[in-house]
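Note sheet for the following structure.
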Amino acid sequence: MILLLISQSDIVTILIIVVVFFSILLVLGVRKSYKLKKENERLDKISEEMARAEEKYKDFTDGHMYGGN
């Protein structure tokens, strides 16, 4: 006679717990990825704005008697 140490319902319960656990991890990972993508886009926009501001900047010390000769 074969003795079953774990019943079929126990296996199903364990599998459901594992699936729920990894589903939660997957959802948290996707959420974090989305947040990082939005943050990266925001930083890219700030970087572009700063680059445009630097292009408009004129060094006011050129020709000044205290430097920039």
Side-chain angles (χ1 to χ4, degrees):
M1 183 172 173
I2 299 175
L3 295 175
L4 295 176
L5 298 176
I6 300 176
S7 68
Q8 185 176 1
S9 63
D10 291 339
I11 291 174
V12 170
T13 304
I14 291 171
L15 287 175
I16 289 173
I17 291 170
V18 168
V19 166
V20 167
F21 175 75
F22 283 110
S23 297
I24 290 170
L25 286 180
L26 180 65
V27 167
L28 290 175
V30 168
R31 182 174 165 250
K32 184 70 168 181
S33 175
Y34 178 74
K35 281 186 167 185
L36 287 173
K37 183 178 177 184
K38 286 196 75 154
E39 179 71 9
N40 190 31
E41 290 172 357
R42 186 182 71 83
L43 291 174
D44 283 343
K45 184 178 177 184
I46 291 172
S47 178
E48 290 172 3
E49 289 173 0
M50 289 179 67
R52 275 187 260 130
E54 287 178 4
E55 290 173 0
K56 295 178 185 175
Y57 176 74
K58 299 271 187 185
D59 187 9
F60 64 90
T61 61
D62 279 348
H64 195 271
M65 61 187 263
Y66 296 115
N69 293 332

Task: Reported CD1-to-OG1 distance for the pair Ile6 and Thr13, which is rounded to 0.5 angstrom - done: 11.0 Å

- [ ] For Ser9, enumerate each residue passing the side chain to side chain donor-acceptor pair (under 3.5 Å) test, keeping only those at least two apart in sequence or located in another chain.
- [x] Ser7

Open item on the list: Running the 4.5 Å side-chain criterion over Ile, Leu, Val, Met, Phe, Trp and Tyr, what cluster does Val19 land in, apart from itself?
Closed with: none

For residues 24-40, run the donor-acceptor check on the side chains, cut-off 3.5 Å, and write out each pair with its distance to 0.1 Å, sequence neighbours left out.
{"unit_1": "Glu39", "atom_1": "OE1", "unit_2": "Arg42", "atom_2": "NE", "d": "3.4"}
{"unit_1": "Glu39", "atom_1": "OE2", "unit_2": "Arg42", "atom_2": "NH2", "d": "2.8"}

- [ ] Flag yes if more than 12 heavy atoms outside Glu41 fall under 6.0 Å of its CD atom; otherwise flag no.
- [x] yes

Task: From CG (Asp10) to CG (Leu15), nearest 0.5 Å - done: 11.0 Å

